Amino acid sequence: MTSRVNHFKNIPALVKTLGDATAALGKSSLDTTIKHLVDLRASQLNQCAFCVDMHVKEAKLHGERELRLHHVAIWRESPLFTAKEKAALALTEALTHLGDHGIDEALYNEVRAHFSEVETSELTFCIAVINTWNRLMVLSQMTPGALDSAYGLDRADLR
């Protein structure tokens, strides 16, 4: 797979701003496990090969079990996720593929049953940021794993 456009080279200030937003999310109260699941699921839905590859490796490096990573695609049927994680994954899907009527009350209430108001905002921002990254990387078609050395992802030892 060859890269079409290099956003990192063409608009470094904007990419840095998005990177800063990603870094700020890492310092938020949002649980790291939830963030990894959200990043992976949105990337799967958006068919972003670069990001799926990256987020599997990041999650593994942060201690996520490989079976759970395989089950993200089937999270509704999987017994491996908590109710809180499932609420986050449901919101990820709903915000990634917005329907005609937005987010229904049942889903909003399920999310709020597990997340505070601040956490709900952080989760929403997390979903928005990964969707932005996905759109950039889908257009660029950067080769999955191309930045592994730069980001230390080669330590995940997944080939």
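Fair warning: this is a prediction, and the values are worked out from it, not measured in the lab. Each residue takes its place number in the sequence, starting with 1.
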Closest non-hydrogen atom pair, [X] against [Y]:
| X | Y | result |
| --- | --- | --- |
| Glu64 | Leu69 | CG-CD2, 3.6 Å |
| Lys84 | His114 | CE-O, 3.5 Å |
| Ala87 | Val111 | O-CG2, 3.8 Å |
| Ala83 | Glu110 | O-OE2, 4.4 Å |
| Ala88 | Ile34 | CB-CG2, 3.8 Å |
| Cys126 | Lys35 | SG-CG, 3.7 Å |

Decide yes or no for [X] and [Y]: does some side-chain heavy atom of the first lie under 4.5 Å from some side-chain heavy atom of the second?
| X | Y | value |
| --- | --- | --- |
| Phe115 | Leu91 | no |
| Ile130 | Ser43 | yes |
| Leu98 | Ile103 | yes |
| Asn10 | Val5 | yes |
| Met142 | Met54 | no |
| Phe125 | Leu30 | no |
| Ser28 | Val118 | no |
| Lys16 | Asp20 | yes |

From [X] [atom1] over to [Y] [atom2], what is the distance, rounded to the nearest 0.5 angstrom?
| X | Y | atom1 | atom2 | answer |
| --- | --- | --- | --- | --- |
| Ser116 | Glu122 | OG | CD | 7.0 Å |
| Asn134 | His55 | CG | NE2 | 6.5 Å |
| His36 | Asp31 | NE2 | CG | 9.0 Å |
| Glu58 | Thr32 | CD | OG1 | 10.5 Å |
| Asn6 | Leu136 | CG | CG | 11.0 Å |

Pair Glu77-His71, side-chain contact (heavy atoms from CB on, under 4.5 Å): steps then yes or no: CA-CA 9 Å; Glu77 294 81 21; His71 277 226; over 6 Å; no

Thr33 side chain to Glu85 side chain, donor-acceptor N/O pair below 3.5 angstrom: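 No pair is found: no donor N or O on one side chain lies under 3.5 Å from an acceptor on the other.
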
Distance-only polar pair, side chains of Glu66 and His70, donor-acceptor under 3.5 Å: no

State plainly whether one hydrophobic cluster holds both [X] and [Y], where clusters connect Ile, Leu, Val, Met, Phe, Trp and Tyr through side-chain heavy atoms under 4.5 angstrom apart.
| X | Y | value |
| --- | --- | --- |
| Leu139 | Val129 | no |
| Trp75 | Leu45 | no |
| Leu61 | Leu25 | yes |

Residues Glu93, Arg76; criterion side-chain contact (heavy atoms from CB on, under 4.5 Å); working and verdict: CA-CA 11 Å; Glu93 290 186 358; Arg76 281 184 180 81; 2.8 Å; yes

Option passing side chain to side chain contact (heavy atoms under 4.5 Å, CB included) with His7 (candidates Val15, Leu18, Leu14): Val15

side-chain contact (heavy atoms from CB on, under 4.5 Å) evaluation trace for Arg41 with Thr96: CA-CA 9 Å; Arg41 186 61 185 140; Thr96 298; over 6 Å; no

